[in-house]
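Below is one structure, written out as structure tokens; the observations come after it.
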There are 2 protein chains.
Amino acid sequence: MTTGLAQAELIAVLAAVTGDAPRVMTVAAGEALPSGPFTSSHRSLQAGLRDWIESQTGHPVGFLEQLYTFADRDRGPDRGSDRGDAGAEADLRRISISYLGLVREQAAPGAGRPEWHGWYEYLPWEDHRAGLPPGWQPMVTALNLWAGEDAGRQQRVAYAFGLQGQAWNEDLVLSRYELLYEAGLVEESGGLSGAGRAMQGDHRRILATGIARLRAKIKYRPVAFELMPESFTFLQLQRLVEALIGLRLHKSNFRRQIDQQELIEETGETTAESRGRPAMLFRYRPAVLEARALAGTRLPVTRG
Amino acid sequence: MTTGLAQAELIAVLAAVTGDAPRVMTVAAGEALPSGPFTSSHRSLQAGLRDWIESQTGHPVGFLEQLYTFADRDRGPDRGSDRGDAGAEADLRRISISYLGLVREQAAPGAGRPEWHGWYEYLPWEDHRAGLPPGWQPMVTALNLWAGEDAGRQQRVAYAFGLQGQAWNEDLVLSRYELLYEAGLVEESGGLSGAGRAMQGDHRRILATGIARLRAKIKYRPVAFELMPESFTFLQLQRLVEALIGLRLHKSNFRRQIDQQELIEETGETTAESRGRPAMLFRYRPAVLEARALAGTRLPVTRG
DNA sequence: ATATATATGCTCAATGTGAGTATATTGATA
DNA sequence: TATCAATATACTCACATTGAGCATATATAT
């Protein structure tokens, strides 16, 4: 009872982008994230997961980062209350350690026949590239109905979904999923279908955690390049970032920002894929990565 | 062998600030971070840890956030190699889930007689408030010696410690500890004493992880108030932030920044603690917290 | 009264950001 | 072949933010 014994499991949010569609690797016909027991034959958490992913996808994982560790009856960061989906009453807890991984392509499925599905099948309210996503109005109406006269709920909804003068904040992926969960508007919490495709257990919450992390990270670390091919045009890079954050970017300002960070350099070649003027091809400069990352201090320190 | 059974343990980095000294709660005469098994009597990871901390410190924990989950033979985010400190060859892995918690004061020790020690006893190279910290020159010399002709090592050292024209980045706490570890300059990796006080196992690495998280977080979330008393002066707030990040701040620019975020409001009273003009007292405005946090987008989205 | 110490407010140059416009270079088409 | 449509790249400009320092206000100590 007090031994602290638990069953350990690894869960991966594996992301890739094809064209302008961000994708996630799934199993069980798109209903679950890939996962497996953490066995003692693995050298480490990272190494165990890396081996497993590479055997499944046939591609190396460039970027792999721990997301969050959940325990039974404690799914989701700031939840004190039980959700009742814990299962049997054994004195064995299950501990799930989730990871975010980025892979460059998603061809060559391995033994497990993984499937790639678009993020926004599961979280359609997160894609604002073409204006308000489908199903937006009914969802907002239902959220407001749930909030009722409760000022706290009203504020949380307005903040998370960018209503009532608040700006849309693309990073709040997890907050939004949790609000929808709490409001009973997703299947996982007993809601009717409609608000995106459901997943087993809390896998959709873990997907939301991964997307939130990636959207936050892309602002101060050049993770986008982990998803890009060797050489690429400016527009391809822009489309990829837009796919991840679910928003359109200002073209020339995006170019300027990338330019002045000196993250990329011309290859010398051009593409003639498109109709108009051919675009220059660029490659990533990894040497600069370590040197410039995390430049944003935001605190008024005294210099000199 | 492949069951995924493991022993689960919770480890806490509990921080408080008294005056201008940031502190961490320790056990074992200041040689270890508080930890304990995660038992099935706990409702959840968060709740279990929260209960335990409050019984130990006698104070409620305002802020509690998961840091990182380690497994035996995998201590530290990006390490593939074993460190050989794993212990017995049982097929039971130990999994340590670490948390960062912030408490407002550190009086009233509970049953376990915890001790509070200054952060910078353990990581003296992190405190740059009074210029270069003691032991800086010998440490840099030893690092350069370790780097030798290896350009990669040289670059990592220069970047992490702000040498050769690079600016000091207070967030890179973990990178610095890991470099010192790798270079054999801390006791935990066989180095002689001198570079700060050691801790058991990898507790000092976990402390570094917690400080790094806090220093990064303070830039975009008002976590400082979790450590402040009810009412405070501007200078007290500044001193606290300075203690956390280990740097001096520009007085009026700091005031301006806090001002325009509308995070605090006057209480109407003043203090006459000091010699000169009495300072106005302020209180934190928690209502605004949710509404304004995470304003920094950093990506050039198209508006309208 | 005067010096000293701290608090609070103001200015200004430099830099960064949001938004839009202008020019260049291609393929398609009349 | 002249023109159009489409895309790429470059430039401008107002405005906000930031880094740095100076000025003023109000207390205590002598």
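Residue numbers start from 1 in every chain, and the chains themselves are labelled A, B, ... in the order their sequence lines are given, proteins ahead of strands.
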Task: Side-chain heavy atoms of D20(A) within contact of R129(A), under 4.5 Å - done: yes
- [ ] For the side chain of R277(B), starting at C-beta, report the closest nucleotide among dT26(C), dT9(D), dA7(C).
- [x] dA7(C)
- [ ] Please give the angle, rounded to 10 degrees, between the axes at the start and the end of the helix from dA1(C)-dT30(D) to dA30(C)-dT1(D), where five pairs define each axis.
- [x] 20°
Sequence neighbours left out, cut at 3.5 Å: what donor-acceptor pairs do the side chains of residues 243-251 of chain A make with other protein atoms?
from	atom 1	to	atom 2	distance (Å)
R248(A)	NH2	E242(A)	OE1	3.1
H250(A)	ND1	N253(A)	N	3.3
H250(A)	ND1	N253(A)	ND2	3.4

Task: D259(B) CG to dT18(D) P, straight-line distance once rounded to whole Å - done: 14 Å
TODO: Enumerate the residues from residues 240-254 of chain B whose closest heavy atom to DNA chain C is under 4.0 Å, giving them by residue number; use none for an empty result.
DONE: K251(B), S252(B)
Task: Heavy-atom check, side chain of F161(B) versus side chain of L180(B), under 4.5 Å - done: yes
- [ ] Mind calculating the distance between CE (M280(A)) and P (dT26(C)) to the nearest angstrom?
- [x] 12 Å
TODO: Could you state the atom-to-atom distance from CZ of R255(B) to C1' of dT6(C) in whole Å?
DONE: 11 Å
Task: Side-chain touch E126(A)/W119(A), heavy atoms, less than 4.5 angstrom - done: no
Open item on the list: Under 3.5 Å, is there any donor-acceptor pair linking the side chain of R256(B) to the base of dG9(C)?
Closed with: no
- [ ] Give me the ring orientation class for F254(A) and F234(A): parallel if the planes are under 30° apart, tilted from 30 to 60°, perpendicular past 60°.
- [x] perpendicular
Open item on the list: How many whole angstroms separate atom CD of Q257(A) from atom P of dG18(C)?
Closed with: 8 Å
- [ ] For the side chain of P278(A), starting at C-beta, report the closest nucleotide among dG27(C), dT25(C), dG18(C).
- [x] dT25(C)
TODO: Identify whether any heavy atom of Q260(A) sits under 4.0 Å from a base atom; if not, whether one sits that close to sugar-phosphate; answer base, sugar-phosphate or nothing.
DONE: sugar-phosphate
TODO: Could you tell me whether E65(B) and R221(B) have a side-chain N and a carboxylate O separated by less than 4.0 Å?
DONE: no
Task: Distance in angstrom units between Q238(B) CD and dA7(C) P, rounded - done: 9 Å
- [ ] Check the distance between dA8(D)'s P and L237(A)'s CG and give it to me in whole angstrom.
- [x] 13 Å
TODO: Nearest whole angstrom, please: distance from the C1' of dT17(C) to the CD1 of I258(A).
DONE: 15 Å
Task: Between dA25(D) (C1') and R275(B) (CZ): distance, integer Å - done: 16 Å
Open item on the list: Could you measure the distance from the CZ atom of F225(B) to the CZ atom of F282(B)? Nearest 0.5 Å is fine.
Closed with: 10.5 Å
Task: Nearest-0.5 Å distance, CZ of residue R156(A) to CG of residue L179(A) - done: 5.0 Å
Open item on the list: As an exercise, state the distance from CG of L100(B) to CG of L214(B), rounded to the nearest 0.5 Å.
Closed with: 5.5 Å
